[in-house]
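Lettering of chains follows the sequences in order, A, B, ..., and the numbering in each one begins at 1. Computed over heavy atoms, backbone and side chain alike; hydrogens, waters and symmetry mates excluded.
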2 protein chains.
Amino acid sequence: MKKLVSNLLLGDCETVLGGIKDNSIDLIVTSPPYTDRRADTYGGIKPDKYVDWFTPKSQEFLRVLKPTGTFILNIKEATQDREKNLYVLHLILALKEQGWHWTEEFIWHKKNSFPGKWPNRFRDAWERLLQFNKDPHFSMYQDEVRIPIGKWGDVRLKNLSAADKTRKTSGVGSGFGRKVANWANRDLVYPTNVLHIATETGNKNHSAVFPQAIPEWFIKLFTKEGDWVLDPFAGSGTTLRVAHRLGRNSVGVEVQRKYHRISRNNLKLDKAPVVTDTICLPIRKKGKSKR
Amino acid sequence: MKKLVSNLLLGDCETVLGGIKDNSIDLIVTSPPYTDRRADTYGGIKPDKYVDWFTPKSQEFLRVLKPTGTFILNIKEATQDREKNLYVLHLILALKEQGWHWTEEFIWHKKNSFPGKWPNRFRDAWERLLQFNKDPHFSMYQDEVRIPIGKWGDVRLKNLSAADKTRKTSGVGSGFGRKVANWANRDLVYPTNVLHIATETGNKNHSAVFPQAIPEWFIKLFTKEGDWVLDPFAGSGTTLRVAHRLGRNSVGVEVQRKYHRISRNNLKLDKAPVVTDTICLPIRKKGKSKR
DNA sequence: CTGCACTATGAATCGCTAA
DNA sequence: GTTAGCGATTCATAGTGCA
């Protein structure tokens, strides 16, 4: 097995990614700073400036991503003056304009979102996981994320009725037919586009934690071992750590020195090679260990 | 208790609603035809025409809705050429332009989503439930939709959707209230903005049914007894039936004679007063029983 | 009336083929 | 070149019938 590389770069991804060759990344998975909310830790981009702030960066993402690659963007609009901001909608339209294909919107349902309410709304228990591609024909390894079948399956596969053994055609004219026998004796099935993942609580290192399960799911789904994963807003390095654990090479970019240092320390604990303050082409087979 | 009214009008809501006074409706909850789909039963509006088709209608919704009222729109963009259509995003922007406030987006997680797997995507298991308001200070009765603490993710939808589906032997309408009474001694908590509700299978009357649990949840949340509920795309009349069962007045508009007739028959079974082919001001205290 | 077994079907999507 | 039609694929839930 080839040696894995975890590159961690300090700086703004808009400029730092300039050192990476075209078409070299298999998956970009990231959770950028949203507007205002975390003004204390990040700059806090104003909603009406968000698209202008983001698109030069996504232009670089488009350049470094392989044609078969995927870009996953975790984002949710903030509420301001009791109303939802529109910048995420404008961002999707701008990315489409930039040449991205909007192929899917996964929902991250935050399972352990605890009950609570405000005068005019309930607890927010979901976020968007937007999928963009350079080309509608991208790589996808669906078998890697299969889940156990529902309990109903136990009964079904024992007693297959006559109707289950023959293919039947739907009456609504959709051309849909079914043959239950096809999935008898199956214990794993394909998931849906709703991800039920709990938030990880108690992380004090970074203000907006991405639970490990999110990058893990997408890394398994869209890359194979040895592929390259990029997180241009690396934060405390969750994506890089998961990538390394799953046998993928990775590049992280973080603009804040504090989080960059935390990520570097975490990666050292994981015994992942770290290249900091150095632009390292991900297509190179080995990363330098310079600090 | 005052006599309840269920008005069912035949025609295009864009014109039919002209007979309703300004600021007279407390809640609009509806699921309009999406683009292209169901072209055999509905017209099938082309994606690039959708906003132009919808906004004259929503202009009327804006007029008839009370300042404290709410508009809930169930919609989802289709996939075309391996990519998501943008018309829902354009529609949200157009409604904002029209003067609506976009206050929330609930997610309807369809527990039993349509089966299937494709080379580039999984099953689609969610739809949007967009909330719009005339004024950010709207009426909301949050206590009415509280759920028992604990396994709320599963139990809630079970009980909500079971409301009218207990065997015919049980009295219609008593199901949910009785269950709430049973929970009285337990701790009730507020739900989140993710609704876990199964689609209702086996409905042969309409190709795209709204499960009863959806209008039920919003009617309880945004109206009180005696208030007025409007469904401008009434379909087989699910919203009206639920409104009547919960003690709310309602107005439904349906453009297709076939579904209009089905709704009327259903409402007669419920012993709800029905006014068809007649414009009836919802602020009137009684509806005529003319056919 | 309850419980269990079995049946029916749902706002789906992709890719190929025929026209 | 463009579009319309059709086959293939697939999971979970509610309703019905019967013991």
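- Distance B:Asp124 CG to C:dT13 P: 6 Å, rounded to the nearest Å.
- Once the 5.5 Å centre distance and the 30° plane angle are applied, the aromatic ring of B:Tyr34 is found stacked with the base of C:dA11.
- For A:Val189, whose side chain is taken as the heavy atoms from C-beta onward, the closest listed nucleotide among D:dA12, C:dC14, C:dG10 is D:dA12.
- When the nucleotides C:dG15, C:dA11, D:dA12 are ranked by their closest atom to the side chain of B:Pro119, C:dG15 comes out on top.
- Residue-level contact check: A:Thr192 touches neither bases nor backbone, having no heavy atom under 4.0 Å from any strand.
- When atom types are taken as modelled, the side chain of B:Asn85 and the backbone of B:Thr79 share no donor-acceptor pair closer than 3.5 angstrom.
- Distance, B:Asp81 CG to C:dA12 C1': 15 Å, rounded to whole Å.
- By the 4.0 Å N-to-carboxylate-O rule, A:Arg121 lies close enough to B:Glu104 to be salt-bridged with it.
- In this structure, B:Glu200 places its CD atom 15 Å from P of C:dT9, rounding to the nearest Å.
- Side-chain atoms of B:Thr79 lie closest to C:dT13 of the nucleotides C:dT13, C:dG10, D:dA12.
- Of all nucleotides listed (C:dG10, D:dT13, C:dT13), D:dT13 comes nearest to the side chain of B:Ala198.
- When the P atom is used for both C:dA11 and D:dG15, the distance is 14 Å, rounded to whole Å.
- The side-chain contact (heavy atoms from CB on, under 4.5 Å) with B:Lys110 is formed by just one residue from the set B:Arg123, B:His196, B:Lys76, B:Glu127; it is B:Glu127.
- Between B:Asn133 and B:Gly69, the shortest heavy-atom contact is ND2-O, 2.9 Å.
- For A:Trp126 and B:Phe106, the distance between ring centers is not under 6.0 angstrom.
- With the nearest nucleotide of DNA chain C identified for both B:Arg121 and B:Asn74, B:Asn74 has the one nearer the 5' end.
- When both pairing distances are held under 3.5 Å, C:dA19 makes a Watson-Crick or G-U pair with D:dT2.
- B:Pro32 comes within 4.0 angstrom of a nucleotide base, judged by non-hydrogen atoms across all strands.
- Both B:Asn112 and B:Trp118 sit near DNA chain D, but only B:Trp118 has its closest nucleotide nearer the 5' end.
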